[in-house]
Amino acid sequence: MMSTARPKALDDAAVQAALADLPGWRRSGGDRDALERQFRFDDFNAAFAFMTRVALQAEKMDHHPEWRNVWNTVEIVLSTHDAGGVTELDVALARFIDAAAG
């Protein structure tokens, strides 16, 4: 039988360790436990192509980012809502996003 265990939020030390290997990412401010990063591209087409690569992977992972796009800039926030914070899913998606950004 397949496991339906919900992902568990990482503790502060684990999030900090993950951030050490994710240059450019930071912890969201305020009372929200999330990772965030901004990416800039040469133009809108490059930004949209990047978002498409990320969207396809996010769908495979069944784990979707919050994001905002204005012309050549993409802002991304990652958090696992049902876990109430950052999980290994967020860290894995952040790593993919970095690779997709090239």
Side-chain angles (χ1 to χ4, degrees):
M1 187 180 276
M2 234 170 101
S3 172
T4 58
R6 288 179 28 185
K8 295 198 186 320
L10 299 174
D11 64 23
D12 189 58
V15 173
Q16 293 304 323
L19 284 171
D21 291 330
L22 293 168
W25 288 89
R26 64 183 180 140
R27 207 122 184 221
S28 293
D31 61 351
R32 181 145 191 225
D33 190 19
L35 304 178
E36 61 184 41
R37 183 167 179 195
Q38 183 180 86
F39 295 87
R40 288 193 189 272
F41 299 92
D42 290 338
D43 55 29
F44 177 76
N45 287 336
F48 195 83
F50 162 75
M51 292 177 72
T52 301
R53 290 189 297 276
V54 172
L56 292 170
Q57 179 64 23
E59 192 66 16
K60 287 179 188 174
M61 294 175 69
D62 193 25
H63 190 63
H64 304 90
E66 296 174 30
W67 52 14
R68 180 173 178 267
N69 166 239
V70 176
W71 190 60
N72 70 336
T73 303
V74 179
E75 297 170 355
I76 300 178
V77 176
L78 300 175
S79 183
T80 304
H81 301 286
D82 59 347
V86 176
T87 67
E88 285 296 334
L89 283 171
D90 301 300
V91 173
L93 187 53
R95 286 188 179 117
F96 176 86
I97 289 167
D98 283 348

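Index from 1, following the sequence.
- To the nearest 0.5 Å, atoms CD (Glu66) and CD (Glu75) are separated by 12.0 Å.
- Under the side-chain hydrogen bond (donor to acceptor under 3.5 Å, both in side chains) criterion, Glu36 pairs with Arg26, Ser28, sequence neighbours left out.
- For residues 7-16, the set of pairs meeting the salt bridge (charged side-chain N to carboxylate O under 4.0 Å, His left out) definition, not counting sequence neighbours, comprises Asp12-Arg27.
- Across every non-hydrogen atom of Leu93 and His63, the tightest pair is CD2-O, 3.5 Å.
- Cluster membership for Val74 and Val77, using ILVMFWY side-chain heavy atoms within less than 4.5 angstrom, is not shared.
- Leu89 is connected to Leu22 through a chain of hydrophobic side-chain contacts under 4.5 Å among Ile, Leu, Val, Met, Phe, Trp and Tyr, so both are in one cluster.
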Show, in sequence, the C-alpha distance, side-chain angles and deciding distance for Asp90 and Val15, and conclude whether the side chain to side chain contact (heavy atoms under 4.5 Å, CB included) test is met.
CA-CA 10 Å; Asp90 301 300; Val15 173; over 6 Å; no
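- Pro23 approaches Arg37 most closely through the heavy-atom pair O-NH1, 3.4 Å.
- Contacts of Arg95 classified as side-chain hydrogen bond (donor to acceptor under 3.5 Å, both in side chains), with partners at least two apart in sequence or in another chain: none.
- Between Ala34 and Val86, the shortest heavy-atom distance links the atoms CA-CG2, 3.7 Å.
- The closest donor-acceptor contact from the side chain of Asn69 to the backbone of Thr73 lies under 3.5 Å.
- Between Val54 and Ala100, the closest heavy-atom pair is CG2-CB, 4.3 Å.
- Contacts of Ser79 classified as side-chain hydrogen bond (donor to acceptor under 3.5 Å, both in side chains), with partners at least two apart in sequence or in another chain: none.
- Contacts classified as ring-ring contact (aromatic ring centres under 6.0 Å, His included) and involving residues 67-102 (residues at least two apart or in different chains) are not found.
- In terms of heavy atoms, Ala9 sits closest to Ala83 at CB-O, 3.6 Å.
- Rounded to the nearest 0.5 angstrom, Ile97 CD1 and Ile76 CD1 are separated by 4.0 Å.
- For residues 14-57, the set of pairs meeting the ring-ring contact (aromatic ring centres under 6.0 Å, His included) definition, not counting sequence neighbours, comprises Phe39-Phe50, Phe41-Phe50, Phe44-Phe48.
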